[in-house]
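Working notes, structure below.
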Amino acid sequence: MKDIFVLMEHRRGEMRDVSVEMLCGAAKLGGTVVAVLLGKDVDAFAEKAAGYADKVLYVNDPLFENYNSEAYQKALSALIKEHGPGLLLIGNTAQGVDLAPALAVELGASLVTDITALEMDGDKPKPTRTFYGGKLDAHFAMKDADLYILTVREATFTAEEPSKSGEIVKVDNPVTEDISYRKFVEYVEPEVGEVDITQSAMLVGVGRGIREDKNLPVVEELAQALGADLAASRAVVDAGWLPADRQVGISGKTVKPKLYLAVGISGAFQHVTGMKGSEVIVAINKDPDAPIFGIADYGIVDDLFKVVPKLTEKIKELKGA
Amino acid sequence: MKMVVCVKRVPDTAESEVHIDASGKDIDKSRLSFGINECDNYAVEEAIQIKERLGEGTVTVISLGDKDSDEVIRMALAKGGDEAIRLEDEAFKGGDGLAVAKALAAAIKGLEYDIVFTGALADDDGYGVVPAALGELLGVPHATYVKKVEILEPGKRAKVGRELEGGLLEFLEIDLPCVLGIQTGINEPRYASFKGIKQAAKKEIAIKSAADLGLDASEVGEAGSWAVLEQFTPPVVGEMAEILEGEPDETAAKLAAILKEKGLV
Ligand SMILES: Cc1cc2nc3c(=O)[nH]c(=O)nc-3n(C[C@H](O)[C@H](O)[C@H](O)COP(=O)(O)OP(=O)(O)OC[C@H]3O[C@@H](n4cnc5c(N)ncnc54)[C@H](O)[C@@H]3O)c2cc1C
Ligand SMILES: Nc1ncnc2c1ncn2[C@@H]1O[C@H](COP(=O)(O)O)[C@@H](O)[C@H]1O
């Protein structure tokens, strides 16, 4: 079996969990696992990766201080041409999505994005990924290719304890061209609002099922009765019904309240990623197939406009008693 | 500035039941409603706003799909698009993200353009492949998950903000021409005016086949794809929620009692 390359992702001094998860997943596929690390003075990450990989290819260069998909693409394609791996795993993250398709086109490699499970048929991957916002799993077979590139959704593989001590091989930066046609400028933090939902003990999460902002009082009253704060799906924030600092999910906040009550939220994985650690999850949704019921502890399949006012009433009664 | 926007017609599956059809490789679409892919709607708006801001420019709308996609194209024209192209061919069917990007690239290569807009991700397949693949195929830089666009110098350079995990924005400067994959929430998409809709109904949509684009059938569609869909299955879920049954009165009372028992009320 040819080598498996795994791209280490990091930003501003932090390595993403998906990188270690992919190394652990790759170790089970058979074959030599090579962690590829591009960065500036990230020796600590090289050592961490070595705990999970048979080898670490480490390019230490100022060009990689901040992520630039063009710089990454050039470096990876050079390393791939030199070492000839059969499989490359990249996190299906904001970085990975910007990089993998272009790299696949350049190398004439096979590509499947956002996989959620992986089996092998000899050297050939058989990936699974979701369709229709998580309502179906799609199982794929691959045509023969020299290189398969897969982008891997977070938590597809499980991170384990380090058990290897791979050799760290420092390699010269293969990228010599000027890439000022795409130049990093700066990071800008999201705005901070009045309420920090990461600190809230209870949250009522509001989704597109609320229909219009004039319906918000329905959930506001429930939140008030419970003593909870309001959180939101991205759809609600995009529509301008609640401010961005209320957004839960991959591109919003990660919350772990005692209670997360999802109202009219479908449960797209980008949302679920941000709230699945909540202690008790309740979902109210009129669609029995909504993926949110797959991670909720309790569910009510009904029209939120009928159930929520009743729930508010019952909670008030219990509190008054 | 010449701009191109790629739009896809997709089924709305968030609120409807999704049934796998007899082939196991598709879904029964007969009872689904269709519309423009969510982030493509924002991409159309962004292109039109740039045209309005600069006081000049054109917006060409492109879609790969059958005749039904005209409805989505015409809506984009009604909002301020100027021209439209639809790619239709039996050979395009069943293509994965790279195969779709190949067809779109072949059509766009024949146009003059400063920015090609796409959405970040299609709501149906969720590949997120087209924007970065299109950039590479066209030989121009790209950026995905774009949530801010500022034209620094028309036809020359732009500053864009990419939305990363946690809502962090990564700003970069990028040379034009380029491909930008637009994320939802970047702007407030307008509604088409009645007058716009009437005018759009009269506009011509140029139809192009694989042969018109100089593509061989083996390069596109299922034949030109790496990944072959074997079958759809319902998702594997861990433990399903305990569903509380009854009329709203009863389910609400049951839930309130559970919350109380757990010390949450
Ligand atoms: C890169 C990227 C990052 C993203 N980041 C995030 C993120 O951080 N957070 C996030 O939330 N999303 C994120 N998304 C978007 C995500 O994919 C979904 O589109 C979004 O979560 C959907 O929001 P929703 O559940 O409110 O809406 P929908 O998916 O439209 O669901 C609405 C739900 O309401 C139900 N409903 C409708 N009417 C009623 C009623 N009367 N009673 C009861 N139920 C009703 C429907 O059955 C449906 O399940 C991201 C997407 C991308 C591509
Ligand atoms: N059939 C299509 N026609 C036109 N544009 C498309 C098509 N498929 C995908 N796109 C564009 O590519 C983006 C990303 O799609 P995908 O890579 O399939 O997730 C979409 O938001 C569209 O802008």
Tell me, for A:Thr151 versus chain B, whether the close heavy atoms (under 4.5 Å) come from the side chain, the backbone, both or neither. neither
Show the nearest heavy-atom pair for residues B:Leu264 and A:Met202, with the distance to one decimal. O-CE, 3.3 Å
Which residue out of A:Ser266, A:Gly252, A:Gly133, A:Ala244 racks up the most heavy-atom pairs below 4.5 Å with chain B? A:Gly252
Quick one: list whatever passes salt bridge (charged side-chain N to carboxylate O under 4.0 Å, His left out) with B:Glu38, sequence neighbours left out. A:Arg208
Could you tell me whether A:Arg211 and B:Glu15 have a side-chain N and a carboxylate O separated by less than 4.0 Å? yes
Identify which part of A:Val188 has an atom lying under 4.5 Å from any heavy atom of chain B, answering side chain, backbone, both or neither. both
Using non-hydrogen atoms and a 4.5 Å limit, figure out which bit of A:Asp303 sits close to chain B: side chain, backbone, both or neither. neither
Which one of A:Gln247, A:Gln95, A:Gln73 has the most heavy-atom pairs closer than 4.5 Å to chain B? A:Gln73
Residue selection (most heavy-atom pairs with chain A, distance under 4.5 Å) from B:Asp249, B:Ile20, B:Asp96: B:Asp249
Verdict with reasoning, A:Asp289 to B:Val18, per side chain to side chain contact (heavy atoms under 4.5 Å, CB included): CA-CA 8 Å; A:Asp289 295 333; B:Val18 174; over 6 Å; no
Heavy-atom pairs under 4.5 Å with chain B - which of A:Gly294, A:Pro125, A:Ala145, A:Ala102 has more of them than the others? A:Ala102
Under a 4.0 Å N-O cut-off, is there an ion pair linking B:Asp125 with A:Arg129? no
Salt bridge (charged side-chain N to carboxylate O under 4.0 Å, His left out) involving A:Lys143 - partner list, sequence neighbours excluded: none
Kindly indicate whether the side chain of A:Val185, heavy atoms from C-beta on, has any atom under 4.5 Å from the side chain of B:Glu170. no
Region of A:Lys258 in contact with chain B, defined by heavy-atom distances below 4.5 Å: both
Against chain A, label B:Val236 side chain, backbone, both or neither, depending on which of its atoms sit under 4.5 Å from a heavy atom there. both
Check this for me: does any side-chain nitrogen of one of A:Glu279 and B:Lys262 sit under 4.0 Å from a carboxylate oxygen of the other? no
Within this structure, what is the OG1-CG distance for the pair A:Thr93 and B:Leu164, rounded to the nearest 0.5 Å? 9.0 Å
Where the side chain of A:Arg234 meets the backbone of B:Gly185, is there a donor-acceptor pair that is under 3.5 Å apart? no
Less than 4.5 Å to any heavy atom of chain A: does that hold for the side chain of B:Ile186, its backbone, both, or neither? neither
Checking the side chain of B:Trp226 only, and the main-chain atoms of A:Val112 only, is there a donor and an acceptor separated by less than 3.5 Å? no
Does any backbone or side-chain atom of B:Lys159 lie under 4.5 Å from a heavy atom of chain A? Answer side chain, backbone, both or neither. side chain
Do other residues, nucleotides or ligands put more than 12 heavy atoms under 6.0 Å from the NZ atom of B:Lys156? no
From A:Phe140 CZ over to B:Glu230 CD, what is the distance, rounded to the nearest 0.5 angstrom? 10.0 Å
Minimal non-hydrogen separation, A:Pro101 against B:Gly128, with atom names: CG-O, 4.0 Å
Tell me if a side-chain donor or acceptor on B:Glu242 pairs with a main-chain N or O of A:Asp297 at a distance below 3.5 Å. no
Mind ranking B:Glu245, B:Gln231, B:Glu188 by heavy-atom pairs under 4.5 Å with chain A and telling me who comes out on top? B:Gln231
Checking heavy atoms, do the side chain of A:Ala109, its backbone, both or neither come under 4.5 Å from chain B? backbone
Between A:Val307 and chain B, with a heavy-atom cut-off of 4.5 Å, which part of the residue counts as in contact: side chain, backbone, both or neither? both
For A:Gly134 against B:Pro235, the heavy-atom pair lying closest together: O-CG, 3.5 Å
Please classify the contact of A:Glu189 with chain B as side chain, backbone, both or neither, using a heavy-atom distance under 4.5 Å. both
Kindly compute the distance separating CG (A:Asp137) from OG1 (B:Thr233), expressed to the nearest 0.5 Å. 4.5 Å
Going by heavy atoms in the side chains, are A:Gln270 and B:Leu121 under 4.5 Å from each other? yes
Would you mind checking which part of A:Ser69 comes under 4.5 Å of any heavy atom in chain B, side chain (CB onward), backbone (N, CA, C, O), both or neither? side chain
Salt-bridge criterion met for B:Glu247 and A:Lys306 (N-O under 4.0 Å): no
Give, for atom CG of A:Leu311 and atom OG1 of B:Thr251, the distance between the pair rounded to the nearest 0.5 Å. 8.5 Å
Going from NZ on A:Lys183 to CZ on B:Arg157, what distance comes out if it is rounded to the nearest 0.5 angstrom? 5.5 Å
Would A:Tyr298 and B:Ile258 count as a side chain to side chain contact (heavy atoms under 4.5 Å, CB included) if you check the C-alpha gap in whole Å, the side-chain angles of each, and the deciding distance to 0.1 Å? CA-CA 9 Å; A:Tyr298 302 96; B:Ile258 291 169; 3.7 Å; yes
Please find out if less than 6.0 Å separates the ring center of B:Phe232 from that of A:Phe131. yes
B:Pro11 versus chain A, the contacting section by heavy-atom distance below 4.5 Å: side chain
Please list all pairs passing the side chain to side chain donor-acceptor pair (under 3.5 Å) test where one or both residues lie in residues 144-155 of chain B, with sequence neighbours left out. A:Asp98-B:Thr144, B:Thr144-B:Arg162, B:Lys147-B:Glu163
So for A:Val280, is it side chain, backbone, both, or neither that comes closer than 4.5 Å to the heavy atoms of chain B? side chain
Given A:Ala239, A:Pro190, A:Ser251, the one with more heavy-atom pairs under 4.5 angstrom with chain B than any other is A:Ser251
Exceeds 12 heavy-atom contacts within 6.0 angstrom, atom CD of A:Glu186: yes
Shortest non-hydrogen contact from B:Met240 to A:Phe293? SD-O, 3.6 Å
First locate atom OG of B:Ser16, then atom NZ of A:Lys135, and finally report the distance between them rounded to the nearest 0.5 Å. 6.0 Å
Just so I understand: if I count every heavy-atom pair under 4.5 Å between each of B:Val129, B:Ile243, B:Val160, B:Val228 and chain A, which residue has the most? B:Val228
Between A:Val105 and B:Leu98, does the side chain to side chain contact (heavy atoms under 4.5 Å, CB included) criterion hold? Intermediate values first, please. CA-CA 8 Å; A:Val105 169; B:Leu98 290 182; 3.7 Å; yes
Take B:Asp124 and A:Tyr132 through the side chain to side chain contact (heavy atoms under 4.5 Å, CB included) test and state the conclusion after the steps. CA-CA 5 Å; B:Asp124 50 358; A:Tyr132 304 111; 3.5 Å; yes
Any idea which of B:Asn187, B:Ile174, B:Val237 has the most non-hydrogen atom pairs under 4.5 angstrom with chain A? B:Ile174
If the contact rule is any heavy atom under 4.5 Å from chain A, which residues of residues 134-143 of chain B qualify, in numerical order? B:Glu136, B:Leu137, B:Pro141, B:His142, B:Ala143
Closest heavy-atom contact between B:Ala132 and A:Val97? CB-O, 3.9 Å
Proximal component of A:Glu313, with respect to chain B [non-hydrogen, under 4.5 Å]: neither
